[in-house]
Amino acid sequence: MSSRTKIHSTKLHLFVPGKRRNLMDKTDRRRSETADSTVDTDAAQLFDAIASDDAEAFRRFFDRFAPEVLAICRRILGHADDADEVTSEVFLEIWSRRKEYDPNRSSPRTYLIMLARSRAIDRLRARSRTDVASCSRCPPEDHFQTDTPEDAAVLSELRRAAVRAVRDLDSGQREALSLAFFEGLTHQQIADRLNCPLGTVKSNIRRGLKKLQHALAQYRSEAEAR
Amino acid sequence: MNCRRCQEYLEEFGLQEESLMAPEVRQHLEHCAACRGELENVREAWSLLAIALDPPEVPHDTASRLMGQVEPSSMVKSGSRRHFAGLFKYGLAASILIIATSSLMFWSRRQATETRYAQRQAEQLQKQLDQFNDWKRGFGHPTLHFVSLDGSATSPTRGYLVHDLLGKEGHFFAFDTAPPPADHIYKVWVLTNDGQVCASAVLPVGDGGMAGTTLEMPGSAAEIGRVIVTIEHDPHAAIPSKDVRLQAVVP
């Protein structure tokens with residue numbers, strides 16, 4: 001039998017030209033069964049539909065995640081017009097590379113956030129040094145969601161967990177993480193910017209990340225318990 | 001590179017796009033599920049910084065401008081009316097098969113966690129049917145190749161193979177299929193012009209004599225010389241038996 005030969009199970013494969021689909025795929029099943037977040041499950045379904053050229057699903061995906069992407073772009077670029085433009089570029093890239101997304105490698109939300117961050121930082125680096133300086137004047141804390149009772153009522157559970165996790169970071173950790181994430185600085189550049197030892201920066205980032213991971217794990221276990 | 005060094009690297013460069021990471025790290029990540037999982041964990045933790053941001057209001061015209069640039073790739077192309085009639089038949093047949101098989105799957109899985117799957121399947125099914133309807137309305141698609149298989153003169157069984165040239169997949173379905181003899185199965189074989197097997201798959205038969213399966217296929221229809229369905233005793237048989245029940249010579 002040639003190497004191309006493959007015996008398939010009795011599972012139903014619905015097909016879309018150019019894209020393999022198995023509706024009962026085990027990975028999808030695990031993803032769906034975890035109580036990680038309904039949003040992520042919905043996003044995975046939307047991504048599936050987008051991969052099948054469903055423009056309406058793409059519109060829904062945009063409506064759902066555009067505020068998040070725009071927030072990242074505005075935070076990184078500090079300029080509304082640029083942020084709007086990069087946001088559009090990010091979603092266009094999602095559409096143009098819709099067949100390439102691999103759900104086994106990354107959740108849709110993380111994929112989107114990383115893509116948005118990356119494209120915004122590319123734009124930031126392409127801009128003049130003056131623009132970078134003006135952006136860096138924005139204190140990172142000002143951009144984080146405040147956790148007032150009114151806000152809490154409308155925040156999604158994941159966002160509430162994120163707000164809490166970021167708020168619980170030490171100021172040194174938050175500052176180092178923000179500079180790395182939103183400005184794309186290396187550890188050495190952060191140390192130079194903050195005028196502190198490289199070891200301190202590494203330690204702040206490592207500990208800060210551990211705290212965020214712990215918060216995420218806690219959020220997930222609470223979500224599963226519900 | 002070992003896992004410890006890889007994870008040290010990811011501590012500083014985990015936010016980088018993978019294409020920009022050091023080649024040895026990329027190579028390690030390709031083969032190490034633990035480090036890949038760690039990378040995803042770290043990125044999810046970083047993502048909290050973004051999720052915690054104030055979500056601004058998206059300008060009203062952004063969505064409309066974006067959607068103006070997004071043209072769903074058309075599934076409908078011009079072609080002959082004869083092809084349209086064939087597509088109509090195959091599209092309809094495939095739709096019926098999909099509905100029936102999906103229904104079977106829905107009812108065979110009753111656990112509570114399946115509810116979400118059922119919804120998802122229904123959505124996908126609807127999408128699939130919409131797609132078939134697109135084809136039905138149109139005149140064909142250059143990346144699809146249809147093969148119709150005949151049985152014996154006295155047998156009502158007919159089979160169809162939809163060859164997705166772009167996805168390199170074949171979707172086979174048959175109607176009025178009698179159950180195979182005890183301890184035997186049906187198997188679909190795709191043979192090259194010189195009789196070599198280039199794809200095969202077991203063909204399960206469901207209620208109502210409907211049967212369907214999927215095969216990995218070559219990307220070109222020119223490589224295919226013959227498609228047959230045989231009765232086999234061994235599901236893993238590498239060579240088709242002489243007991244051919246359906247066949248088609250591909251022009």
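Values below: all heavy atoms of this structure, side chains included; hydrogens, waters and symmetry mates excluded. What you are looking at is a predicted structure, and each value in this text was computed from that prediction instead of being measured. Residue numbers start from 1 in every chain, and the chains themselves are labelled A, B, ... in the order their sequence lines are given, proteins ahead of strands.
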B:Arg43 portion near chain A, given a 4.5 angstrom heavy-atom threshold: both

Closest contact, heavy atoms only, B:Thr62 versus A:Phe62: CG2-CZ, 3.8 Å

Residues, nucleotides or ligands: over 12 heavy atoms within 6.0 Å of A:Arg207 CZ: no

Ring pair (Phe, Tyr, Trp, His ring centres under 6.0 Å) involving A:His214 - partner list, sequence neighbours excluded: none

Spacing of B:Leu53 atom CG and A:Arg159 atom CZ [to the nearest 0.5 Å]: 8.0 Å

Student check: side-chain heavy atoms of A:Leu209 and B:Trp46 closer than 4.5 Å: yes

Choice from A:Ile205, A:Leu70, A:Val69, A:Asp63 maximising heavy atom contacts with chain B below 4.5 Å: A:Leu70

Atom pair CD1/CZ of B:Ile51 and A:Arg109 - distance to nearest 0.5 Å: 4.5 Å

Side chain, backbone, both or neither of B:Glu57 within contact of chain A (heavy atoms, under 4.5 Å): backbone

Shortest non-hydrogen separation from B:Glu44 to A:Ser107 and the atoms involved: OE2-OG, 4.0 Å

Contact class of B:Glu12 relative to chain A, heavy atoms under 4.5 angstrom: both

Heavy-atom closest pair, residues B:Pro55 and A:Ala71: CA-CB, 4.3 Å

Contacting moiety of A:Leu92, where chain B heavy atoms sit under 4.5 Å: both

Salt bridge present between A:Arg105 and B:Glu18 (N-O < 4.0 angstrom): yes

Basic-acidic side-chain contact under 4.0 Å: B:Glu17, A:Arg117: no

Minimal non-hydrogen separation, B:Ala45 against A:Leu216, with atom names: N-CD2, 4.1 Å

Pairs of heavy atoms under 4.5 Å with chain B: top-ranked of A:Gly208, A:Ser118, A:Gly184, A:Ala161: A:Ser118

Proximal component of A:Lys202, with respect to chain B [non-hydrogen, under 4.5 Å]: side chain

Between A:Arg119, A:Glu56, A:Lys211, A:Glu68, the one whose heavy-atom pairs under 4.5 Å with chain B are most numerous: A:Arg119

Minimum-distance pair of heavy atoms, taken over all atoms of B:Leu48 and A:Ala165: CD1-CB, 4.3 Å

Partner chain A: residue of B:Gly37, B:Pro56, B:Ser47, B:Pro59 with the largest heavy-atom pair count (under 4.5 Å): B:Pro56

Heavy-atom pair with the smallest gap, counting every atom of A:Ser88 and B:Leu66: O-CD1, 3.5 Å

Choice from A:Leu212, A:Leu169, A:Ile121 maximising heavy atom contacts with chain B below 4.5 Å: A:Leu212

Proximal component of B:Val42, with respect to chain A [non-hydrogen, under 4.5 Å]: both

Region of A:Ala180 in contact with chain B, defined by heavy-atom distances below 4.5 Å: both

Interchain contact, A:Ile72 with chain B, by part (heavy-atom threshold 4.5 Å): both

A:Thr186, part contacting chain B, at a heavy-atom distance under 4.5 Å: both

Proximity breakdown for A:Arg206 and chain B, heavy-atom pairs closer than 4.5 Å: side chain

